[in-house]
**Student:** 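If you scroll down you'll find the structure; I have some questions about it.
Since this is a predicted model, take the numbers as computed values, not measurements. Numbering of ligands and ligand atoms starts at 1, following listing order.
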Amino acid sequence: MNVLLIGGGGREHALAFKISQSSLLGKFYAIPGNPGIAEFAECVENISPEKNSDVVNFAREKNIDLVVVGPEAPLVNGLVDELEKAGIKSFGCNAKAAQLEGSKIFAKNLMKKYKIPTADFEIFTDPDAAKKYIQSKGAPIVIKADGLAAGKGVIVAQNLQDALNAVDEMKNFGAAGSKIVVEEFMDGEEASVLAFTDGKIILPMIPAQDHKRVNDGDEGLNTGGMGSYAPAPVVTREVAKRVEEKILQPVIAALNAEGITYRGCLYAGLMIKDGEPKVVEFNARFGDPETQVVLPLLESDLLEIMLACAEGNLADKKISWCSDCAVCVVLASGGYPKAYKKNLPIDGITKAKTLGALIFHAGTKSADGKILTSGGRVLGVTVTAKNIRDALEKVYKCVDVIKFDDMHFRRDIAAKALRK
Ligand code: AMP
Ligand code: GLY
């Protein structure tokens, strides 16, 4: 089976790592890929993943049997719809289904209509009306831009003044900010549950926890994610059952009732309080860095599962997971999530691998045989072990041998799991 992977971050490297273990795999390509993915797949950099017709032509030319779409932008942009028209199978959802991530308003209205637990909300196009509403509700309160805003369109305001300022800041998100969602603040602990779905049935993966804030103790700015671990003990067996029955199955059914078939990976970002999960957000793709801890624990053949999702045959599949724990520490460029330098040489990747780490490239490039930084999140360092404590001890030993100028990372990944 010939496979084309779309994307070039840590998530896609983790996908490539797992796909490469499949007995079904024939030729393997990535657009654009990265130096880590290049170990498994031929990386094609002269085709833009944003140009659907170019991707479709490439897939035709190379007799691709399955296209695996990593990031949200091509999903929202209808790549899967175009591939389907050309008779090419994909793991990833169509553009209508991707609205679940692409439009907060679509997602919130769907949850309201089908009674899926989430924060109460109101939608505004007029900033003054939004401010009036915020004054009537008080803080803490959450303000969100409607469309894809690269993870930056959400402001959790702790006081009234910050909330009112946030409404003005929404203008900075362009089209995404012209409609604003004002949402009730939810207290609790966050977790990410990713699930495979073929549009009918849904099979959840091992629950994970991300670390969104840039600094230890969940301080500082929101990022794409500074580290992750799995399984997340906050998602107990009972919580997992509620997530499946009250959130995952109902949302697939709700989409079907609206005439939308969702196939691929569905990501539920959850807030859990007293064992009751509520939806913070849905994503239409694998999470990053969650994927970097979830997939190393998967024992089943990933390609076989992905093909079953694409073909609507997931009911016949059983998915098995290893009973180990995994921890991922993200190594970021100094300054991230704000401006940062690029092209800094990275040392120690090979040494860290010999110590037992999986190194996932998130923002790197290769030049003259050296690996250089090229993004905010540079590497994900993942270790699996019998328990979180052992994984943590080992992962930070591996992190400590990797160096680049101004490198920064969190020292408290999985601390919440240890406290439990
Ligand atoms: P989102 O992009 O919607 O996932 O929001 C980014 C982050 O903001 C989430 O991971 C939460 O930490 C936080 N957040 C979003 N919505 C809420 C809410 N209603 N209550 C509390 N925190 C929230
Ligand atoms: N780690 C958060 C996300 O993938 O959206």
**Student:** Has ligand 2 got any nitrogen or oxygen that is less than 3.5 angstrom from a nitrogen or oxygen of Asp288?
**Tutor:** yes
**Student:** Does Ile413 offer a backbone N or O that forms a donor-acceptor pair with the side chain of His211 under 3.5 Å?
**Tutor:** no
**Student:** Can you name the atoms of ligand 1, numbered from 1 with element, that are less than 4.0 Å from a heavy atom of Lys144?
**Tutor:** 3 (O), 15 (C), 16 (N)
**Student:** Ignoring hydrogens, just give me the one of Glu190, Glu183, Lys104, Glu101 whose non-hydrogen atom is nearest atom 10 (O) of ligand 1.
**Tutor:** Glu190
**Student:** Relative to the heavy atoms of Val154, which atoms of ligand 1 are at a distance of less than 4.0 Å?
**Tutor:** 1 (P), 2 (O), 3 (O), 5 (O), 6 (C), 8 (O), 15 (C)
**Student:** With a cut-off of 4.0 Å, which atoms of ligand 1 are near a heavy atom of Phe185?
**Tutor:** 20 (N), 21 (C)
**Student:** Under a 4.0 angstrom heavy-atom cut-off, which atoms of ligand 1 come close to Lys212?
**Tutor:** 10 (O)
**Student:** In Å, rounded to the nearest 0.5 Å, how long is the span from CG of Leu270 to OG1 of Thr118?
**Tutor:** 10.0 Å
**Student:** Give the atom numbers and elements of ligand 2 that come within less than 4.0 Å of a heavy atom of Asn283.
**Tutor:** 5 (O)
**Student:** Any N or O of Asp210 that comes nearer than 3.5 Å to an N or O of ligand 2?
**Tutor:** yes
**Student:** Any atom of ligand 2 sitting under 4.0 Å from a heavy atom of Phe286?
**Tutor:** no
**Student:** Is there a heavy atom in Arg285 that sits closer than 4.0 Å to ligand 2?
**Tutor:** yes
